Each structure stands twice: as C-alpha cells, then as structure tokens.
Amino acid sequence: MLRASIILLPLAAGFTDCLGTELVAQDVWTVAREVDKALNLTHVPREYGVELSNAFFALERSGALPGAIEDCALGVATLALNAVPFAELRFGTLQAKEYFLLFEQLQRKYGHLWNAGGFAWNLQTHQSAGYPLILGLKPQSCERDLKIYVYDTDFASKPIVCSQGMFASEVFVHQFLLHSSCRTTNPQEADFFFVPVYAACVMTKEKKLAGDMDQFYKNLVREELTYFEDQGGLDHIFLWSSETYDFPSWLDYIPDSLFLSVEAAPIECTDFDFFSEETADNFGAHCKHCYWCFTRWKDYVIPGFVEKWSVEKMQLLQKPHEERTYTACYHGADSDSLAIYLYANTTVRNDLQSLRGRPGFSIGYRFSRITEYFERIGECHFCFAPKGLGYWSNRLYEVLFAGCIPVILSDHIGLPFDDFLDWPSFSLKWPMNQAAPALAEHLERLVANRKELVKDMLVKNRCWFDYNSEDPSCVWAFQGEFWCCSP
C-alpha cells in the first residue's frame, strides 16, 4: 500500500497542465474536475465518488502516481480525497488515513496553484472537514476534569463512512472522546464509560434490522461491557442519533444508563422494521412517542449533526438583516410527498404549504440544488422548523447556521443545552395546531414593527450546535454535551 511520504515531487512547471500521460488518460482529470465543481454546489451521486476512487486505486496499482502528480497535482489530490471513504470500506481506516495524509501533503505543496491552468479546484468534499478529528490528526481538549473510558465495539468501526448526514453525531462524539484529553484507558480512574455504536449508520448502510440491533446490544451488554455491572450501568453512556432508541429491549438491559439523544420523546414501536413509504400506514398502527423513556435527571438532549461544508456555505450565503427580503421560509416535505408523515402527526407541514403565495413568504418543497436552498433561507428573517418523524428536526440547526430565526413547530421537542442557553432569545415556539394564518400575521408584525428585536435574535449561540466549531466564545457541542455528566 501507498505511503504518503514517498509521493511528493519537486515543484516544477506542468503540475497544472492536466493533459494526461502515457499511463493516465486526460479523461480522468476531466471527470475529476466535473465532480469537484459539482461538489462545490450540491450533493453528487455516490457512483461519481466510486469512479474517482477507482481511478485513484488504479494509479496506485500501476505505479503511475508520480507521473500523474507531475501532470495534474491537484487532480491527484482530488482523487485521493474522494477515495478516502471507499478506502475505508475496502482496506480499513488506517489505509484511508494514509490517503488523506497524501491529500494534505499535495494540498500543502501545490494548493497555491488551485486556480492555475484555467480551473479552480475546490479541494474538499462535504465530509472532508471532519476527517482530521475522525482520524486523530486534531487532538481535542477537555474543559472539565472528566475521565471517560471508551469501549471498542463492532458497530463503530467505520467512522469515515458513517460521518455523513444528520445522524453523524454518533460518530463525532465517539471520535472526539477517542482523541481528547477526557479519555482514559484505565477503567479504575474513569468517571464514565462511553459505549460507541453507529446504529443509524449500520441500519441504513448495512441494512441491519431492529432485530439485528437488539441482539447486538444484548450481546454487547452481557459479554463485552466489562465494567457495566460494577455500578449497574449507572456510569455508562449510550448515544441515540435518531428519533428511536435503536435497542428495542433497552428497558430490560440499560434502564439506568445515561443517554445522549437528539430526541426527548423517542418513538417506540411494536414492529420496528417497516419504516418505508410502501408500508407507511403501519407507523400509525404500531408506533407512538414515548414521553417517559427520556429521563431528564440523567439523560441529555444533543444537537443533530450538520457537516462543516454546509455550515460554511450557509454562513457565506446569508444576507445581513436589512437585506433579507422574506418574512419567513419553509422548503421541505409533507405527507403529500412522504406518506409516512401522514401517520406521524405532522399535519403542521401541510398547514405550512397553505401559506404558498403569501407575499413575503417562500414556501414549497426542497430545491433541487442544496446551495439554492441555503441561499433562500439566508434571505429569510424566520424559518419554520416543523415536527418530522420525531419531534426533533435537523432543520432547526440548519436554519440557525443560515442566520435565520427558527420558528419551532413541534410541541414536545427537547432542546439541547436549554439548562444554560436562553432559547426564547433566539427562536420562537408556536403550537403546531395554530401554524397558519395567525402565525404568519404575528411574524409579519414582528418584521414590520419590532425590527431591532428581530435583528437581535439573529445569529445567536449557533456555535453551540456546530460539531466542528473552534469559536472560543462558547464551549462547543461536545463539551456542552458532557456538562450533563460533570460531577
């Protein structure tokens, strides 16, 4: 396998030509440029990443890398970066780290040529900003004097692959602890024990069913959590990154353990394996929110995950208060587009659609290009954040990063860090059954008559919800989550 340190060549003319070589067709760089350009604007289909990674693996196998770098150094960097998650799948995390280190070395040496040769290289993917933390290249510090022991588990073995999407809190909290000064490898000095499981990831990417997860957790508690019985699980921390606790038998095995959860009223089902459009009616028949499952004296609400790429795009595209042209916005699904919402008490989403055409309101379904959506919510004073399948919604955190004041339409939502953040100072909460038109009229009056109040509510506290934040003005998301556990 490639060792990154042996690849770099002396800087010379030609490193941006991208004309192809005897061993590398010019079409490789054409595809790399097109995908790189698209990644700057929107999500791209997985098959394009597969194509770029296969091109990189072929360069490595054939010995063509040195010549490819001389011809198109940043093209090679783009191939290497896109190959990282696929390398983890094929060869493991350590080899994926080698490819990322190669990308970083190429970027350091040739990055100043990013817009030479008639093309501006993007040099990032939507997940790559998180790779330094995930790969242990960015040590983390603890603000509190905590010692946390981190278990190894079989379902937490692909952090790069699982670092995509709104459920990636299960990855980033784990990796933060692995690479932070909080961690101890001595169980005798541990204050708490963290149990990493990428449940949402393995259920979606590896097609694990609820029964598979239930058996996995049972075996985990019985056979692998060596220190669980010492305190009856009271000092063990489990994280739930979606609206369900992905351990159906949790009440029989870990009822007293500490839960970090995005959802304060998790969905409990008598039949778990039917979350699909084809069987959406089963949801109403077999599932309901559990209002007692989340115990406020021991459990803690955490934010959903928004990748740094999206955070930076939203902050770049957001308009100043005085240049925002829309009173309020909502672009998302309702039960007409996702049948399961019909059975999940989300009629508020349909009610919002009734505001279409109202002056000053931008209402509709998602834009086809994600950056168009980011641009639109950056033009709005208020953004509706209605209930989804669960009471929590990742939209709440997205709109905050766009500088838009969230209007929370989810009656039983649990808000992260509400023990020390003043949510009413930067958001509104409104009853779900009164979404329109009274709410629209209220927002219009605020924008017209309370301009200073609206301006003051914008862009407050959002660094608390950013898993990649380095803002010194707040103790960022990981630290806030573990305030719950501090002695």
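Please read all numbers here as calculations on a predicted model, not as lab measurements. Nothing fancy with the numbering, it's 1 onward along the sequence.
Classified by interplanar angle (parallel below 30°, tilted 30° to 60°, perpendicular above 60°), the ring pair Y373/F367 is tilted. Ring geometry for Y131 against F100 counts as perpendicular: the plane angle is over 60°, on a 0 to 90° scale with 30° as the lower cut. In this structure, F384 and F361 have parallel ring planes: the angle between them is below the 30° cut-off, well short of the 60° mark. Relative orientation of the F57 and F91 rings is perpendicular, given thresholds of 30° and 60° on the angle between their planes.
The local environment of CG in L41 is crowded, with over 12 non-hydrogen atoms from other residues, nucleotides or ligands closer than 6.0 Å. Around CD of E47, the count of heavy atoms belonging to other residues, nucleotides or ligands within 6.0 Å exceeds 12.
Using a 4.5 Å heavy-atom cutoff, the side chains of V28 and L59 are not in contact. Taking the side chain as every heavy atom from C-beta outward, H381 and Y326 never approach each other to under 4.5 Å. Side chains of L352 and L409 form a contact here, defined as non-hydrogen atoms less than 4.5 Å apart. Residues R183 and C142 are not in side-chain contact: their nearest non-hydrogen atoms beyond the backbone lie 4.5 Å or more apart. Residues Q124 and F103 are not in side-chain contact: their nearest non-hydrogen atoms beyond the backbone lie 4.5 Å or more apart. Looking at heavy atoms from C-beta onward, Y300 lies in side-chain contact with F417 at the 4.5 angstrom threshold. Between Q127 and I134 there is no side-chain heavy-atom pair separated by less than 4.5 Å.
Atom-to-atom distance recorded for I405:CD1 and L458:CG is 4.5 Å, nearest 0.5 angstrom. Distance check, rounded to the nearest 0.5 Å: CG of L52 to OG1 of T78 gives 8.0 Å. The line from CG of L102 to CD of E60 is 9.0 Å long, rounded to the nearest 0.5 Å. Atom CZ of residue F56 and atom CZ of residue R61 lie 11.0 Å apart, to the nearest 0.5 angstrom. Remark: W29 CH2 to T16 OG1 distance equals 12.5 Å, nearest 0.5 Å. Note that CG of D212 is 12.0 Å distant from CG of D246, once rounded to the nearest 0.5 Å.
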**Request:** Please test L396 against L415 for side chain to side chain contact (heavy atoms under 4.5 Å, CB included), starting from the C-alpha separation and ending with a verdict.
**Result:** CA-CA 10 Å; L396 171 61; L415 297 172; 3.9 Å; yes
**Request:** Apply the test side chain to side chain contact (heavy atoms under 4.5 Å, CB included) to residues F247 and F216: give CA-CA distance (whole Å), side-chain angles for both, the deciding distance (0.1 Å), then the verdict.
**Result:** CA-CA 9 Å; F247 182 8; F216 166 78; over 6 Å; no
**Request:** Could you give me the CA-CA distance, side-chain angles and deciding distance for E379 and R376, then say whether salt bridge (charged side-chain N to carboxylate O under 4.0 Å, His left out) is met?
**Result:** CA-CA 5 Å; E379 296 172 328; R376 178 56 50 86; 3.3 Å; yes
**Message:** Working note: Y253 + L220, criterion side chain to side chain contact (heavy atoms under 4.5 Å, CB included); need CA distance, chi angles, decisive distance, verdict.
**Reply:** CA-CA 10 Å; Y253 287 82; L220 187 67; over 6 Å; no
**Request:** Could you please spell out the steps behind the side chain to side chain contact (heavy atoms under 4.5 Å, CB included) verdict for F294 and V301?
**Result:** CA-CA 9 Å; F294 184 93; V301 175; 3.6 Å; yes
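Of all the heavy atoms in D152 and E224, the pair that sits closest is O-OE1, 4.3 Å. Considering every non-hydrogen atom in both N122 and N40, the closest pair reads OD1-OD1, 3.3 Å. T42 and H126 make their closest contact through O-CE1, 3.0 Å (heavy atoms, listed as atom of the first residue, atom of the second, distance). In terms of heavy atoms, E307 sits closest to H43 at OE2-CE1, 3.9 Å. Looking at every heavy atom in both residues, Q26 comes nearest to L19 through CB-O, 3.4 Å. Contact between L317 and E375 at its shortest, heavy atoms only, is CD1-N, 3.9 Å.
In this structure, the side chain of R33 does not engage the main chain of G75 through any donor-acceptor pair within 3.5 Å. A donor-acceptor pair is defined here as one N or O able to donate and one able to accept, closer than 3.5 Å; no such pair exists between the side chain of H236 and the backbone of S257. No donor-acceptor distance shorter than 3.5 angstrom exists from the side chain of Q175 to the backbone of P159, with no hydrogens or angles considered. The backbone N or O of A58 sits less than 3.5 Å from a side-chain atom of S62, completing a donor-acceptor pair. Remark: side-chain polar atoms of H179 are not paired, donor with acceptor, to backbone N or O of L137 under 3.5 angstrom. Put simply, the side chain of E206 never gets that close to the backbone of F155: no donor and acceptor are under 3.5 Å apart. At least one donor-acceptor pair under 3.5 Å links the side chain of E263 to the backbone N or O of W392. No side-chain donor-acceptor contact under 3.5 Å links D214 to the backbone of A210. Panel note: side chain R349, backbone A333; a donor-acceptor pair is recorded below 3.5 Å. A donor-acceptor pair is defined here as one N or O able to donate and one able to accept, closer than 3.5 Å; no such pair exists between the side chain of Q107 and the backbone of A77.
Taking the charged nitrogens against the carboxylate oxygens, E104 and K138 have no contact shorter than 4.0 Å, which rules out a salt bridge.
Partner F465 forms a ring pair (Phe, Tyr, Trp, His ring centres under 6.0 Å) with one of F305, F401, Y397 and no other, that one being Y397. Checking each of L177, L258, L178 against F194 for a side-chain contact (heavy atoms from CB on, under 4.5 Å) leaves exactly one that passes, namely L177.
Both tests hold for R356 against Y365: distance to the six-membered ring centre under 6.0 Å, angle to the ring axis within 45°. In this structure, K387 is positioned above the aromatic face of Y391, its NZ or CZ under 6.0 Å from the six-membered ring centre and within 45° of the axis.
Between W250 and F238, the ring center distance fails the sub-6.0 Å criterion. For W240 and Y217, the ring centers are positioned less than 6.0 Å apart.
Sulfur-sulfur distance for C329 and C404: not below 2.5 Å, with no disulfide indicated. A disulfide bridge does not connect C380 to C383: their SG atoms sit 2.5 Å or farther from one another.
Qualifying side chain to side chain contact (heavy atoms under 4.5 Å, CB included) partners for E34, counting only residues two or more places apart in sequence or in other chains: none.
For H331 and S362, the side-chain atoms include at least one donor-acceptor pair closer than 3.5 Å.
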